[in-house]
Every structure is written in structure tokens, then in C-alpha cells.
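Some notes on the structure that comes next.
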2 protein chains.
Amino acid sequence: MVTHTEENYLKAIYKISEKDKKPAGTNAIAKEMDTSAASVTDMLKRLSEKGFIKYQKYKGVNLSSKGSKIATNLIRKHRLWESFLVDKLDFTWDAVHDIAEQMEHIKSEVLVQKLDEYLGFPKFDPHGDPIPNADGKFTLRVQILLSLLRKNDKAVIIGVKEHDDDFLRFLNSKNLQLGSKVIIIEKNDYDKSMTVTVEGVQVMLSEKITKQIYVKKHE
Amino acid sequence: MVTHTEENYLKAIYKISEKDKKPAGTNAIAKEMDTSAASVTDMLKRLSEKGFIKYQKYKGVNLSSKGSKIATNLIRKHRLWESFLVDKLDFTWDAVHDIAEQMEHIKSEVLVQKLDEYLGFPKFDPHGDPIPNADGKFTLRVQILLSLLRKNDKAVIIGVKEHDDDFLRFLNSKNLQLGSKVIIIEKNDYDKSMTVTVEGVQVMLSEKITKQIYVKKHE
DNA sequence: TAATATATTTAGATTAGTCTAAAAAAATAT
DNA sequence: ATATTTTTTTAGACTAATCTAAATATATTA
Ligand SMILES: [Mn+2]
Ligand SMILES: [Mn+2]
Ligand SMILES: [Mn+2]
Ligand SMILES: [Mn+2]
């Protein structure tokens with residue numbers, strides 16, 4: 001048995017050790033979970049006793065295979081529900097994360113199966129993030145940051161690094177979405193900002209923005 | 001703010017006082033919630049302090065308008081999700097209750113709105129129970145128990161009183177579902193059992209069964 | 001290497017929700 | 001009207017999850 005809160009910790013640990021490629025530290029987890037370091041230590045003991053993590057005092061923490069299974073399944077459910085909300089209920093990509101945070105905790109194997117089927121077994125969610133399969137395997141894909149492209153390059157937007165709702169709404173306002181075709185018109189050497197055309201229209205994008213957008217080069 | 005558990009208590013209180021047409025007693029709530037009477041008393045104090053119920057020691061409990069709003073909204077969400085599971089994900093009516101018990105707690109006004117629209121604003125759930133609208137109003141409907149019909153009566157099944165999964169699966173096995181047309185062939189005076197045809201096929205139904213099925217008389 | 005800074009853990013409390021056992025109130029029966 | 005039964009509340013304790021403040025371990029820097 002794993003509680004709602006334990007699930008969230010396991011997901012946080014997964015994300016952190018995935019990003020940093022090393023055991024997750026107490027403070028990093030506290031930040032991700034928006035809680036105190038003391039609370040994290042308490043929880044790590046509990047998770048360790050339940051066999052979800054490998055934990056040694058002061059040494060940081062790694063998921064066990066049991067914990068990893070739970071974390072990837074949670075991510076799978078989160079992304080499937082986000083897909084449902086966007087594809088079926090017509091939500092925009094900036095409005096689905098908080099709802100999916102709740103829905104990912106619904107417990108029912110058959111529900112996930114049927115949902116996956118209903119959605120047509122999507123491989124990526126509305127933000128371009130890969131949806132792990134039932135075994136926790138992610139589809140890998142070549143993706144580079146928009147910031148790395150050069151003048152005259154053509155590309156298609158396939159994902160975003162940042163998931164902040166305000167950032168997503170900014171992209172909406174510039175007509176930048178998954179699948180949008182962009183052409184680099186100009187790149188400023190000094191501040192690294194770019195002028196691009198998005199589906200015909202010209203927009204200027206600062207480096208802060210272009211470093212958050214994943215693209216696939218075109219032609 | 002209302003917790004998951006508080007929501008469940010409010011729903012239980014709603015159901016009980018609806019059925020008994022009087023304030024809900026501690027023991028009745030304890031039974032519905034599958035918990036101890038002592039825990040219920042604790043919770044009643046908390047709910048009372050939050051203004052969700054009107055409670056006087058030893059006198060039983062009634063929902064306040066605030067509490068009633070929460071309870072009916074929970075029922076609305078429960079029944080909408082059950083409809084979703086059956087209509088969109090192809091679940092059978094005996095497999096949706098436990099999942100909907102979880103989904104009813106998802107917090108998002110706009111989600112409920114969009115779900116309602118996506119389902120085509122259904123008025124009844126897969127068990128024939130009315131789905132309250134956003135104001136908590138239920139659609140009323142003439143419905144009588146199958147047990148009250150007489151020889152040669154014709155009727156359509158529009159609901160079930162009992163929601164137990166085994167009972168629902170029993171009905172599946174006899175091909176009895178919402179919308180099924182039944183004709184009373186014979187009614188046994190002694191044990192009140194009935195022989196009926198369901199979509200052409202003859203079956204025998206004990207009174208225990210016929211008292212759990214709501215129908216609308218036909219012609 | 002010793003001093004300082006940072007990261008982590010412990011100590012001790014708090015809140016929500018739960019329990020069992022015992023006490024008290026209300027309802028029912030004699 | 002009293003005794004008995006049933007219902008409800010209180011007392012006291014437990015777990016999960018959280019907090020702040022203090023202590024300790026580890027890492028960094030001089
Ligand atoms: Mn998300
Ligand atoms: Mn996403
Ligand atoms: Mn139900
Ligand atoms: Mn139902």
C-alpha cells in the first residue's frame with residue numbers, strides 16, 4: 001500500500017535523480033515537494049522501510065525497482081490524463097497540469113489501460129513529453145533546443161522544457177504550439193535573441209524563450 | 001477548504017437523511033462510512049465548526065446549505081464519471097462505482113462543466129440514478145418497482161435500487177439492463193416470484209430481485 | 001588543517017483521522 | 001416509575017504528515 005503523499009515523493013525523487021543523474025538530496029526533494037527538509041527526512045525513513053527507496057543517512061536516495069515502478073506509473077497516468085483533457089475535453093495545454101496532478105492518483109489498472117486505448121495509445125503528452133508504457137519504458141526521440149538553430153534553419157516544435165502555465169500562455173499568444181513550423185530569419189549575436197516566422201508570421205524570441213523549446217530540424 | 005474525508009462524510013449524511021427523511025444519527029453514519037461511532041462524533045464536531053452541518057449533541061445531524069452544496073456536487077461528479085466510464089471507456093455498470101468514488105474528489109469546476117458537455121449533459125447515470133445539475137437539482141421521474149407489476153404488464157427497466165456489483169452482474173447474466181423491455185408472464189401468489197420475458201427470453205425472478213428494479217410501465 | 005558554510009538529521013509539537021473502552025444520555029420495555 | 005437496552009459521547013491513545021528550532025555531519029575555503 002502506498003499513500004497519495006508517498007506517491008508524490010517517489011515521483012519527485014524520480015524526477016530529481018533523472019535530471020541530476022545522481023542520488024536525490026534531502027534539500028532538492030524538499031524544494032520539489034515544497035516542504036521542509038525535516039519532513040523529507042521523516043518521509044525517507046518511511047519510504048525506506050516500505051522498500052521503495054535505497055537510503056543511507058546523509059548519502060541521498062535512489063529509488064528501488066518497486067519505487068521506480070510506482071513513479072513511472074504515476075508519470076504515465078499524469079501524461080495520459082493530460083492527453084485526455086486536451087484531446088477530448090478541449091483544454092489548452094496551460095490548464096491541464098494541476099488537474100492531472102490529482103487524476104494521476106486514481107487507482108485502477110484497467111482504467112489506465114482503457115484510457116490509453118481510448119486515446120489511441122499516444123506516445124507523447126500535450127507538452128511533448130513521452131508517455132511511458134505499462135512497463136515504465138519511455139519512447140526516446142531526437143530533440144534539440146530552438147536556441148541551437150542557425151539562420152535559415154527550419155524546424156518543428158515538438159516539446160517544451162519548462163511547464164509553467166504563464167510560459168505556456170506566452171507561447172499561445174505568439175502562436176507557438178506543438179507541431180508549429182518555424183524558420184529562423186535572424187539570430188542576434190549579442191543577446192542570442194532570434195527572429196523567426198511561425199506559420200507565416202514573424203516574431204522575436206529572447207534566448208530565455210528559445211532555450212525552453214524543443215524542436216526537430218526540418219529538411 | 002474541505003478534505004477528502006469530510007466530503008465523504010457529507011455525502012453519507014446527505015444519503016442517510018434523504019432516505020430516512022430525518023436527521024442522520026451517529027450510528028447510521030458510522031455504518032455508511034464503515035467506521036466507529038466515536039470517530040463519527042469527532043468528525044461531526046469538526047464539520048459543525050466548519051459550518052457544513054447543523055449538529056446538536058444526541059440530536060442527530062442535518063446538512064447546512066453549504067454542506068448540502070458539497071454533497072450534491074460530489075454526487076454530480078460521481079455520476080458524471082460513472083457515465084464517462086460506461087459511455088466512453090466501455091466499462092460495464094458493475095465495474096464503475098469504486099473508480100467513481102475516487103474520481104468524484106477531483107477538484108476543478110471547469111473540468112466538471114467540460115465533462116458534462118462532453119457526455120451530452122446526461123440526466124441519468126448508468127444505474128438510472130439522476131445526475132444533479134450544477135445547482136444541485138435532480139431530475140424527478142416516475143419510477144415503480146418491478147415487484148408491483150401484474151400479469152401481462154409491459155415495462156422498461158429504468159433503474160436499480162441496489163448498486164451491489166454482484167447484483168448488477170446477476171442482472172447482466174439474465175440480460176436485464178437499463179432500457180430492457182420486460183413483459184410479466186406470470187406472478188406466483190405464494191412467494192411473489194415472477195416469470196417475465198426479457199427481450200424475448202423467459203426468466204424467473206424472485207421477489208428479492210424484483211424489489212430492486214425500477215421500471216416505467218409501457219403502454 | 002582548521003574555520004566556516006551548507007546539508008541533513010533529531011527533538012519535540014501539532015493536526016487530521018482513526019481506534020477501544022468506558023461513561024452518560026435517550027429510548028424502550030416491564 | 002424503574003429497569004434495561006440502545007445510542008451517543010468522552011477519555012485516552014495511535015499513525016501519517018507536517019512544522020520549527022537545535023544539533024550534527026559533510027563540504028568548502030582559507
Ligand atoms: Mn504536467
Ligand atoms: Mn505534461
Ligand atoms: Mn456509484
Ligand atoms: Mn451510479
Side-chain angles (χ1 to χ4, degrees), chain A residues 1-13 15-17 19-63 66-67 70-71 74 101-102 104-105 107, chain B residues 1-13 16-17 19-63 67 70-71 74 101-102 104-105 107:
Chain A
M1 202 263 343
V2 56
T3 70
H4 185 106
T5 313
E6 287 168 350
E7 286 187 335
N8 282 334
Y9 270 95
L10 292 172
K11 193 172 65 158
I13 294 166
K15 276 188 184 171
I16 293 164
S17 44
K19 177 150 62 81
D20 303 350
K21 316 276 193 225
K22 60 166 189 185
T26 304
N27 271 342
I29 299 169
K31 195 172 177 193
E32 177 75 25
M33 293 292 297
D34 194 28
T35 189
S36 72
S39 300
V40 173
T41 304
D42 285 347
M43 180 56 86
L44 294 184
K45 287 175 189 165
R46 225 170 303 146
L47 292 173
S48 185
E49 257 157 39
K50 290 195 175 184
F52 298 141
I53 60 172
K54 282 159 244 160
Y55 170 57
Q56 292 183 81
K57 269 192 200 178
Y58 296 102
K59 298 293 179 191
V61 61
N62 275 122
L63 294 178
K66 234 166 97 187
I70 293 169
L74 214 60
E101 279 299 304
Q102 300 178 65
E104 70 189 9
H105 297 285
K107 284 178 178 60
Chain B
M1 202 267 338
V2 55
T3 69
H4 187 106
T5 314
E6 287 168 348
E7 286 188 335
N8 283 334
Y9 271 95
L10 293 172
K11 193 173 66 158
I13 294 165
I16 292 164
S17 44
K19 178 150 60 87
D20 302 350
K21 315 281 192 218
K22 62 167 189 186
T26 304
N27 271 341
I29 300 169
K31 195 174 176 191
E32 177 76 26
M33 293 292 297
D34 194 28
T35 188
S36 73
S39 300
V40 173
T41 303
D42 286 345
M43 181 55 86
L44 294 184
K45 288 176 188 164
R46 225 170 304 148
L47 292 173
S48 185
E49 258 158 38
K50 291 195 175 184
F52 298 141
I53 59 173
K54 282 158 243 161
Y55 169 57
Q56 292 183 79
K57 270 192 200 179
Y58 295 103
K59 299 292 179 193
V61 62
N62 275 121
L63 293 178
I70 293 168
L74 214 61
E101 279 299 304
Q102 300 178 64
E104 70 188 8
H105 296 285
K107 285 179 176 62

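Naming convention: chains lettered A, B, ... in sequence-line order (proteins, then strands); numbering from 1 in each chain.
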Could you give the [atom1]-to-[atom2] distance, from [X] to [N], as a whole number of Å?
X	N	atom1	atom2	value
B/R46	C/dT14	CZ	C1'	13 Å
A/D42	C/dT14	CG	C1'	13 Å
B/M43	C/dC19	CE	C1'	14 Å
A/K45	C/dT8	NZ	P	14 Å
B/M1	C/dA16	CE	C1'	10 Å
B/L10	C/dG17	CG	P	11 Å

Residue pair [X] / [Y], side-chain heavy-atom distance below 4.5 Å:
X	Y	answer
A/V40	A/N27	no
B/I70	B/K11	no
B/I13	B/V61	yes
A/K107	A/E7	yes
B/M43	B/T5	yes
A/N8	A/E104	yes

### Query
Which value, rounded to the nearest 0.5 Å, describes the distance between A/L10 atom CG and A/L47 atom CG?
5.0 Å
### Task
Could you tell me whether B/T5 contacts a base, only the sugar-phosphate backbone, or nothing, with contacts defined as non-hydrogen atoms closer than 4.0 Å?
sugar-phosphate
### Terminal contacting nucleotides, 5' and 3', DNA chain D versus chain B (heavy atom, 4.0 Å)
D/dT7 to D/dT10
## Note on the structure
Assign each of A/A38 and A/H4 the nucleotide of DNA chain D bearing its closest heavy atom; nearer the 5' end lies the nucleotide of A/H4
### Message
Let's see if you get this right: which residues in residues 20-37 of chain A place a heavy atom under 4.0 Å from DNA chain D?
### Response
A/T35, A/S36
### Query
Pairs in or reaching into residues 46-63 of chain B: which pass side-chain hydrogen bond (donor to acceptor under 3.5 Å, both in side chains), with residues at least two apart or in two chains?
B/E6-B/K50
### Task
Using the side-chain hydrogen bond (donor to acceptor under 3.5 Å, both in side chains) rule, collect all pairs that involve residues 30-45 of chain A, keeping only residues at least two apart or in two chains.
A/S36-A/S39
### Message
Please tell me if B/S39 has a side-chain N or O lying less than 4.0 Å from either OP1 or OP2 of C/dT18.
### Response
no
### Task
Please state whether the phosphate of C/dG17, meaning OP1 or OP2, lies under 4.0 angstrom from any side-chain nitrogen or oxygen of B/T3.
yes
### Task
Measure from the side-chain heavy atoms of B/E6 and tell me the nearest of C/dT10, C/dT20, C/dG17.
C/dG17
### Query
Which heavy atom in B/S17 sits nearest to a heavy atom in B/A24, and how many Å separate them?
CB-N, 4.4 Å
Listed pairs, N/O of protein and of nucleotides 23-26 of chain C, under 3.5 Å:
residue	atom	partner	partner atom	Å
C/dA25	O4'	B/Y58	OH	3.4

### Task
For the helix from C/dT1-D/dA30 to C/dT30-D/dA1, figure out the bend between the end axes, five pairs an end, and round to 10 degrees.
0°
